[in-house]
Each structure stands twice: as C-alpha cells, then as structure tokens.
Undergrad: 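Sharing a structure, written as structure tokens. Questions coming.
Numbers here simply count residues along the sequence, with the first being 1. Order of appearance sets the numbers: ligands from 1, and atoms from 1 within every ligand.
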Amino acid sequence: MLKIGCHLSASGGYMHMGREILSIGGNTFQFFTRNPRGGNAKPVDEADAAAFRSFAEENGIGVILAHAPYTLNGCSADPAIRDFAIRTMADDLARMEYVPGNLYNFHPGSHVGQGVEEGIRLIAEMLNRVLREDQHTTVLLETMAGKGSEVGSRFEEIREIIDRVKLNSLMGVCLDTCHVNDAGYDIVNDLDGVMAEFDRVIGLERLKAVHINDSKNPLGSRKDRHEKIGEGYIGTEGILRVMRHEALRELPFFLETPNELEGYEREIRMLKEKY
Ligand code: FE
Ligand code: FE
Ligand code: ZN
C-alpha cells in the first residue's frame, strides 16, 4: 500500500500529528525534533508517545520520520558547532526511543571550506560518537542539492560516510527529489539510470525514505528551492514515476513542498488519485 504524508508541525505532540495526517488523507508524516533553527527541545510527553504508538498501530500509520534541525552541522569548522551537533543528535535519538522503530533524518552538513574529505571524516566521527548499539531508530543521511559547501550531493560522498561508521547497520539514506535534481541526477529523463547508480554506489537496501518535492530550479542548479508538485522542473508525472518505481514504491513518501495543511491535503489527494 502507498505510504504518503507530509511535513507537520510537532508543537501539538505525536497524537496531534497522528490525527492531523489521517484528517488530510495521509498515513505517515515527518516532523522536526525541535525548532528547525536549533535550540532546546521540549521534554518528551511519555503519555502522548505511548498513546501514539497504539494509535499508529490501530490506524495503519506506518514508519514516521523525525528531521534534525537545519542548524545541526557535524562538519562545521567551529568545534562549538560540532559539539552542538553531537549533543543535539544524541538527545534527539534518546527521545526517539519513546517511539521506537522509526527514522531520523539529517543533512550531512557543510564543510565550510575545509574540503569534502574533511567534511566526510567529521560527519562519520559525529555518528561514531552518537550511535548506540541498543538504539531502535535508523539514522538517515539526506541526499543534498550541493548548495555552498554541502556534503552529500554525490552518492559517493554518502557512501563514504556510511563506510566510516562503525555501527552502520543503523544507517540509511533519504532521497530528496528536489535535491537530487538540483545536484544533477536526472530523475525526470533517466530515473532508471539514477536508481541504478544509487544501487551501484550506495546500495538500494540503504534507501529508507523519499522526500517528494518539485524543484524551482533546473537539473544541476545546486539551489535547493522546493516547489509545489507540478509547478516546478520535475513535474507531476516526474514525481509519480518516482513513486511508482519498483526500487522506491514500498518506501514512505514525504511532501516538503511550500504548503500549509490545505495545500498538503490537495497534493496528497491528487497523488493518490493519479498513482
Ligand atoms: Fe531535509
Ligand atoms: Fe528534504
Ligand atoms: Zn531541501
């Protein structure tokens, strides 16, 4: 069955998100673990998390995706920023244990002039300090657009990070359609080729989630500006081909398009109808 949802505000807690996604026709969702610009997270409401676990089970809400704040940069040149990244991720993963068996996604980071090799080394070092053998969350590296000094716009870079992580059975990848388009992977005209490349370099078994966004910019623009489905360079058919692709169809799909709830509801309905 198609697993589709969108990014939701986490301010009302898990039960609120669970009810909200059902009310707009979805069966999974993504949320920020804390303010996307960083800062402290609210303490976990254990009763809310427990209620959500049974609610999700009863209502067929599949695996959900927690997204780290954008300010998390494990390969910053500034040790204080790297330290913040380590503490934030460790805290997020401890909190995720209240909803075990789900996914945690983060942007690999920006090396800010240190070079991609040093970036990869620092990101792997962060993961080696944070991952715990007994955790119940899979940690995903998101494929990036290659804006500025972002690490992770090439599948090879993602592979190299994973290779350096000791507990890499806990690692996976989240493919973002806007980001890979902007990074120069032609998912519109050669989706099969891109997925074959992903399999060759990273391995399809690592792919755990897909962000379905249209892009305001053409192939290879290295921009990262999300667009509503059908209003950008990927197009509705391009997104539907991604959702129907045999290597992807079993994965959860998350909209991160520039929308309020009503817009997400329309996109979910439209994609389900045409799927
Ligand atoms: Fe993201
Ligand atoms: Fe994304
Ligand atoms: Zn993005």
Side-chain angles (χ1 to χ4, degrees), residues 3-10 26 28-38 63-75 85 88-89 92-93 96 102-110 119 123 126-127 137-155 157-158 161 171-185 187 194 198 202 206-229 231-234 238-239 242-243 248 251-259 263-264 267-268 271:
K3 295 172 213 151
I4 187 167
C6 63
H7 189 91
L8 294 177
S9 161
T28 181
F29 58 87
Q30 172 179 276
F31 61 100
F32 282 123
T33 53
R34 60 190 71 217
N35 184 310
R37 305 270 155 236
V63 73
I64 56 170
L65 179 56
H67 196 305
Y70 294 143
T71 47
L72 190 144
N73 186 9
C75 63
T88 298
M89 189 180 284
D92 281 350
L93 290 177
M96 288 297 288
N102 288 303
L103 306 169
Y104 177 77
N105 174 62
F106 75 106
H107 295 178
S110 295
I123 295 159
M126 166 179 68
L127 290 161
T137 302
T138 301
V139 175
L140 309 185
L141 290 152
E142 182 167 351
T143 61
M144 299 311 292
K147 176 169 47 98
S149 65
E150 270 173 358
V151 179
S153 64
R154 303 296 311 163
F155 295 160
E157 296 168 11
I158 304 257
I161 296 168
M171 297 294 304
V173 177
C174 174
L175 183 109
D176 185 308
T177 54
C178 168
H179 297 178
V180 292
N181 171 78
D182 291 15
Y185 291 102
I187 55 168
V194 173
F198 187 100
I202 302 176
R206 293 281 182 192
L207 193 49
K208 304 293 182 194
V210 185
H211 284 162
I212 42 172
N213 304 307
D214 213 326
S215 177
K216 283 193 199 294
N217 293 287
L219 179 69
S221 58
R222 303 176 74 90
K223 285 283 208 291
D224 189 2
R225 300 277 313 282
H226 301 188
E227 183 53 284
K228 294 187 173 75
I229 305 299
E231 295 182 22
Y233 279 84
I234 299 174
I239 294 293
V242 165
M243 294 170 59
L248 303 166
L251 299 171
F253 298 99
F254 303 92
L255 291 157
E256 302 176 304
T257 44
N259 276 308
Y264 280 135
E267 287 188 342
I268 290 171
L271 290 169

Undergrad: Scan Asp176, Thr177, Asn181 and name whichever one has a side-chain hydrogen bond (donor to acceptor under 3.5 Å, both in side chains) with Asn213.
TA: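 For Asn213, the side-chain hydrogen bond (donor to acceptor under 3.5 Å, both in side chains) check succeeds only for Asp176.
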Undergrad: What protein N/O/S atoms are found closer than 2.8 Å to the Fe ion (ligand 1)?
TA: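 Per the 2.8 Å query on the Fe ion (ligand 1), atoms found are His67 NE2, His107 NE2, Glu142 OE1.
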Undergrad: For the side-chain contact (heavy atoms from CB on, under 4.5 Å) test, which of Thr88, Thr137, Thr33 pairs with Leu93?
TA: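 The passing option is Thr137.
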Undergrad: Considering non-hydrogen atoms only, spot the tightest contact between Met89 and Leu127 and give its length.
TA: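 So the two residues come closest at SD-CD2, 3.9 Å.
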Undergrad: Ring-plane angle category for Phe155 and Phe198, please: parallel below 30°, perpendicular beyond 60°, tilted otherwise.
TA: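 Ring orientation of Phe155 relative to Phe198: perpendicular.
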Undergrad: Check Asn73 against Gly109 and note the closest heavy-atom contact, atom names and distance.
TA: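 Scanning both residues, the minimum pair turns out to be OD1-CA, 3.3 Å.
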Undergrad: For the ring pair His7 and Tyr264, is the centre-to-centre distance below 6.0 Å?
TA: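 They do not qualify: ring centres at least 6.0 Å apart.
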Undergrad: Would you call Lys147-Glu150 a salt bridge at under 4.0 Å N-O?
TA: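 Glu150 and Lys147: salt-bridged.
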Undergrad: Measuring from the Zn ion (ligand 3), count protein N/O/S atoms under 2.8 Å, please.
TA: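 Number of qualifying protein atoms: 3.
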Undergrad: Look at the aromatic rings of Phe106 and Tyr104 and report parallel, tilted or perpendicular, splitting at 30° and 60°.
TA: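 If you compare the ring of Phe106 with that of Tyr104, the planes turn out parallel.
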Undergrad: Start with the C-alpha gap between Asp224 and His226, add the side-chain angles, then the distance that decides, and say whether side-chain hydrogen bond (donor to acceptor under 3.5 Å, both in side chains) holds.
TA: CA-CA 6 Å; Asp224 189 2; His226 301 188; 3.1 Å; yes
